[in-house]
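Heads up, the thing below is written out as structure tokens.
So you know, we letter chains A, B, ... as the sequences are listed, proteins then strands, and number each from 1.
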Amino acid sequence: MSIAYLAPPESEAELMRRAQQIAGKTFAEVASERQIKAPANLQRNKGWVGNLIELALGAQAGSKAEQDFAPLGIELKTIPINAQGQPLETTFVCVAPLTGNIGVTWQYSHVRQKLAKVLWIPVEGERHIPLAERRIGAPLLWQPSEEEDQQLQADWEELMEMIALGRVEAITARQGEYLQIRPKAANNRALTEAIGPSGERILTLPRGFYLKKRFTAPLLAQHFG
DNA sequence: GCATGATCATTT
DNA sequence: AAATGATCATGC
């Protein structure tokens, strides 16, 4: 009854072969190969699809503060799409650092490192499709273009400046053309340290950086459009 | 609490 | 309908 783990891919080519081999399969098929079962829905298993794809490709499941395929320098992201291939959800990137941001620049930011090279796995996400019957799409290995990098940098700098100036609680998800900041927490009692309006220590909800759909939609469309 | 994996569900 | 703000599970 234990999970059938797969050894990590030894090259980018091997990773891509694996990704192409699961393309077109249903979640149930891939889950069966890994000796696991699909839950009825994602309500209490929000990360289930992401974990399934990790297992199917041989990523280390679980918590590590590095890329999924660190030796290959590749981050794995599943992205739920509709029948037209458009994203159904924003994409979580990383937690937003609320303290200790003196002298931090875009070039060495966590956001930029995470997005340096991403293997996107589109997956059917429409809720009318039973979870087990949803299919995996064709993989896309992506690196940000100069233009995309600059788009993200502009949003990042605006948002990080607000955090540094003690205005984290004034940040709304409406800000940022392509990159936004929203809560990222277990619940509303989870608090973390931040800088307040007068430079004082405050406790606030942890926040995360997310890619808006208007960033990921064209990215997917260029490849599959 | 923080980092991993995200989607849910209420509001607009 | 779509986006924002809130939340769910798991392992340290």
I would like to know whether E75(A) and K117(A) meet salt bridge (Lys or Arg N to Asp or Glu O under 4.0 Å); could you show each step before the answer? CA-CA 6 Å; E75(A) 172 72 13; K117(A) 198 168 192 177; over 6 Å; no
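One can place CZ of R207(A) at 14 Å from P of dG1(B), the figure rounded to the nearest angstrom. A straight line from CZ of R189(A) to P of dA6(C) spans 12 Å, rounded to a whole angstrom. The nearest whole Å value for the distance from the CD atom in Q67(A) to the P atom in dG5(B) is 11 Å. Across the protein-nucleic acid pair, K77(A) atom NZ and dT7(B) atom P stand 10 Å apart, rounded to whole Å. We find that CG of L55(A) is positioned 12 Å from P of dA6(B), with the value rounded to whole Å. In this structure, the CD1 atom of I53(A) is 9 Å from the P atom of dA6(B), given to the nearest Å. The interatomic distance linking N41(A) (CG) with dC8(B) (P) rounds to 8 Å, in whole Å. Spacing between atom OH of Y210(A) and atom P of dG5(B) amounts to 12 Å, rounded to whole angstrom units.
Within residues 147-166 of chain A, no residue has any heavy atom closer than 4.0 Å to DNA chain B. For DNA chain B, the neighbouring residues in residues 120-131 of chain A, judged by any heavy atom under 4.0 Å, are R127(A).
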Extract from the structure each pairing of a protein N or O with an N or O of nucleotides 1-3 of chain C at less than 3.5 Å, listing the distance.
unit_1	atom_1	unit_2	atom_2	d
dA3(C)	OP2	K213(A)	NZ	3.3

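A 6.0 Å sphere centred on CD of Q20(A) holds more than 12 heavy atoms belonging to other residues, nucleotides or ligands. Within a 6.0 Å radius of CD in E146(A), no more than 12 heavy atoms belonging to other residues, nucleotides or ligands are found. In this structure, R34(A) places its CZ atom where more than 12 heavy-atom neighbours from other residues, nucleotides or ligands lie under 6.0 Å away.
Regarding contacts with the backbone of dG5(C), a side-chain N or O of T172(A) is found under 4.0 angstrom from either OP1 or OP2. Between T91(A) and dA6(B) there is no side-chain N or O to OP1 or OP2 distance below 4.0 Å. In terms of phosphate contacts, T78(A) brings a side-chain nitrogen or oxygen within less than 4.0 Å of OP1 or OP2 of dA6(B).
Nucleotides of DNA chain C nearest to G47(A) and Q175(A) differ in position, and the one nearer the 5' end is that of Q175(A). Toward the 5′ end of DNA chain B lies the nearest nucleotide of K114(A), the other residue of the pair R182(A) and K114(A) mapping further downstream. Residue whose closest nucleotide on DNA chain B sits further toward the 5' end, between G50(A) and A190(A): A190(A).
Salt-bridge formation is detected for the pair D149(A)/R112(A): a Lys NZ or Arg NE/NH1/NH2 atom is positioned less than 4.0 Å from an Asp or Glu carboxylate oxygen.
Side-chain contact of T172(A) with Q175(A): a donor-acceptor pair under 3.5 Å is absent, judged by distance alone. Of the N and O atoms on the side chains of E148(A) and W142(A), at least one donor lies less than 3.5 Å from an acceptor on the other residue. A donor-acceptor contact under 3.5 angstrom links the side chains of T204(A) and E169(A), judged on distance only.
Listed nucleotides: dC2(B), dT7(C), dT7(B). Nearest to the side chain of K184(A): dT7(C). Distances from the side chain of L42(A) to the nucleotides dG5(C), dC8(B), dA3(B) place dC8(B) closest. Candidate nucleotides dT7(B), dG5(B), dA3(B) were compared by shortest atom distance to the side chain of D68(A), and dG5(B) ranks first.
Using a 4.0 Å heavy-atom distance criterion, Q43(A) is classed as a sugar-phosphate-only contact. Looking at heavy-atom distances under 4.0 Å, L191(A) makes contact with sugar-phosphate atoms alone, never a base. As judged by a 4.0 angstrom heavy-atom cut-off over every strand, R44(A) is placed among residues touching the sugar-phosphate backbone only. Using a 4.0 Å heavy-atom criterion, one finds that E193(A) contacts no nucleic acid atom at all.
Interface remark: the R134(A) side chain does not form any donor-acceptor pair with the dT7(B) base, using a distance-only criterion of under 3.5 Å. Judged by atom type and distance alone, K46(A) does not reach the base of dT4(B) through any side-chain donor-acceptor pair under 3.5 Å.
Minimum interatomic distance between E126(A) and L88(A) (heavy atoms only, all atoms of both residues): N-CD1, 3.6 Å. Among all heavy-atom pairs drawn from S109(A) and W156(A), the shortest one is CB-CZ2, 3.5 Å. Residues I74(A) and L15(A) share a closest heavy-atom pair of CD1-CD2, 3.9 Å. For the residue pair A190(A) and L205(A), the shortest heavy atom distance occurs at O-CD1, 3.3 Å.
Taking the ring axis of F27(A) as reference, the NZ or CZ atom of R134(A) does not stay both within 45° of it and closer than 6.0 Å to the ring centre.
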